[in-house]
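For reference, the structure is listed below as structure tokens.
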Amino acid sequence: MRVASATGGEQTPWIASSPTHQLNDANAAEPSSRPAADNRVVDLHSRGILPKDSSEQYEITFWNSIKDSNYPGDYEAYLKAYPNGRFATLAHARIDRLHAASAASAPMSAAPPATAPAPQAVKPVAPAAPPATAATAAQERPRPAATPAANPTPPATTAAVATAQKAPIHPPSAGESRDCATCPIMIAVPVGSFAMGSSIDDPSEKPVHHVTIGAPFAIGKFPVTVDQWNACVAANACQKLTPENNPNKAAPARDLSWDDAQQYVKWLSKITGKPYRLPTEAEWEYADRGGTATKYWWGDQMRKGNANCKDCGDPWHKEGPEAAGSFAPNPFGLYDMNGGVWEWTADCWHNTYQGAPVDGHVWDSPGCDMRVIRGGSWREGGDYMLSATRFKYSAGVRQSQDGLRVVKDLK
């Protein structure tokens with residue numbers, strides 16, 4: 001703690017240790033015995049949620065996702081989730097340093113008012129954080145260093161963001177519809193069956209089980225964009241987006257909680273008279289696979305140019321996701337299902353698929369706080385772009401990589 005404080009958070013000493021032999025109770029005659037299940041080896045290559053008793057791994061994953069952040073709110077989020085965590089002292093030091101840097105650069109960025117960044121809203125981030133509607137929290141996602149909002153954006157970054165402002169133009173797809181000018185474009189998805197999950201490495205994706213989608217539905221051709229979300233804000237039906245995380249109107253709206261997403265689908269349903277909602281986890285994976293059974297919808301190998309992630313090929317910028325529709329569509333004509341932003345689903349989180357519905361319906365639990373997110377984001381690598389990848393997040397917590405895609409019942 002002293003080193004972290006003295007170096008302003010630049011140095012973080014830590015120790016990892018494990019015994020080379022079984023530990024004995026000093027007062028016991030025989031070595032203590034434990035059930036074999038408690039001695040299981042945790043697969044550290046797991047992409048999603050680790051087996052039980054992994055709270056320590058959660059915290060480390062959370063910290064790794066924000067450790068390079070230049071936004072005080074991310075460290076506030078960590079402290080909200082882990083007030084006495086192993087990185088708490090470092091988080092406080094980072095917050096103090098960022099506030100000091102922001103104050104020092106304020107006079108420089110004050111000149112012309114039109115280009116001065118808006119004041120930042122404090123926002124937290126992360127898995128397993130307690131419900132906090134106005135908070136933001138991060139759990140797993142690597143967060144590349146970003147330019148602090150208080151500092152002027154470098155010319156190269158400005159150009160990159162400006163280029164991304166325009167949404168790519170795509171011809172209408174089969175089964176495409178739109179219920180209002182500011183509503184998401186929807187694509188009808190046929191009924192069908194598929195094998196959900198993966199037996200490769202992540203325990204949360206097992207067991208692979210056969211699911212039949214018996215009722216047709218329509219799903220957003222793109223994730224909900226900043227422009228579309230702002231229509232809900234203008235109607236006083238949705239929370240305002242954090243400006244520093246949503247500068248591009250054509251990009252997916254992000255820094256949104258599951259509760260925020262519920263506001264949006266409720267508003268859409270009200271203005272259109274149609275039954276909008278979040279997709280179930282099964283519907284989401286069915287739509288993402290687009291009739292394929294491979295690891296990715298495009299095959300079993302990562303191929304650059306198919307997803308918006310940090311090693312998936314251009315276009316890619318560390319500041320945020322690209323404009324919706326910047327990459328190739330999947331076989332159903334859906335864009336950005338993999339990468340861009342994590343997308344909320346309706347389901348409550350369960351550690352495995354044991355007992356999961358086989359008809360595509362929502363898998364809910366009374367008083368559920370943790371909800372499922374799917375698809376990965378622009379901050380993750382290609383290993384997170386697999387169709388089966390899943391993760392969880394607290395429903396009331398906002399996180400800078402979380403957005404949404406909507407579904408509409410057709411029957």
Side-chain angles (χ1 to χ4, degrees), residues 170 172-179 183-198 205 208-225 228 252 258 261 264-265 268 274-299 306-309 321 324-347 353 356-363 371-377 384-391 402-411:
H170 302 288
S173 306
E176 185 176 302
S177 64
R178 196 173 199 174
D179 290 324
C183 292
I185 298 171
M186 307 297 288
I187 290 184
V189 174
V191 297
S193 300
F194 75 110
M196 183 174 179
S198 167
E205 297 166 11
V208 175
H209 54 294
H210 191 77
V211 175
T212 298
I213 305 293
F217 64 92
I219 189 169
K221 184 176 183 178
F222 310 100
V224 173
T225 65
Q228 289 165 350
W258 188 87
Y264 183 76
V265 292
L268 270 185
K274 306 289 178 62
Y276 280 91
R277 55 179 173 82
L278 289 178
T280 68
E281 189 178 8
E283 288 172 338
W284 190 97
E285 187 169 326
Y286 177 68
D288 178 48
R289 290 183 178 278
T292 67
T294 47
K295 293 180 182 177
Y296 309 89
W297 61 256
W298 56 83
N306 283 322
N308 184 195
C309 80
S326 296
F327 294 82
N330 77 354
F332 282 166
L334 306 173
Y335 292 80
D336 312 315
M337 292 290 287
N338 309 83
V341 292
W342 288 91
E343 298 178 5
W344 287 107
T345 69
D347 294 45
Y353 285 135
V358 294
D359 57 2
H361 279 78
V362 63
W363 194 10
R371 298 285 171 175
V372 179
I373 50 176
R374 299 295 300 255
S377 82
Y384 280 78
M385 302 302 111
L386 279 72
S387 298
T389 298
R390 62 195 296 257
F391 214 75
D402 293 348
L404 75 153
R405 184 184 303 257
V406 298
V407 152
K408 180 178 67 173
D409 290 316
L410 296 179
K411 192 176 177 181

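- Ring-plane geometry between Trp342 and Tyr384 is classed as perpendicular, the angle between the planes exceeding 60 degrees on a 0 to 90 degree scale with a lower cut at 30.
- Listed here is the closest heavy atom pair of Trp297 and Arg289: CB-O, 3.9 Å.
- A donor-acceptor pair is defined here as one N or O able to donate and one able to accept, closer than 3.5 Å; no such pair exists between the side chain of Arg277 and the backbone of Val265.
- Heavy atoms only, all atoms of each residue included: Val191 and Gly214 are closest at CG1-O, 3.4 Å.
- A donor-acceptor contact shorter than 3.5 Å is absent between the side chain of Asn306 and the backbone of Ala328.
- Of all heavy-atom pairs between Lys408 and Ser177, the closest is NZ-OG, 4.0 Å.
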Evaluate the side chain to side chain contact (heavy atoms under 4.5 Å, CB included) criterion for residues Val407 and Glu283: first the C-alpha distance (whole Å), next the side-chain angles of each, then the deciding distance (0.1 Å), finally the verdict. CA-CA 9 Å; Val407 152; Glu283 288 172 338; 4.2 Å; yes

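- Of all non-hydrogen atoms in Asn308 and Pro321, the two that sit nearest each other are OD1-CA, 3.4 Å.
- No donor-acceptor pair closer than 3.5 Å links the side chain of Glu343 to the backbone N or O of Met337.
- Within a 6.0 Å sphere centred on NE2 of His361, heavy atoms belonging to other residues, nucleotides or ligands number 12 at most.
- For the residue pair Trp298 and Ala307, the shortest heavy atom distance occurs at CH2-CB, 4.1 Å.
- Among all heavy-atom pairs drawn from Thr345 and Leu278, the shortest one is O-CD1, 3.9 Å.
- A side-chain donor-acceptor contact under 3.5 Å links Asp336 to the backbone of Gly325.
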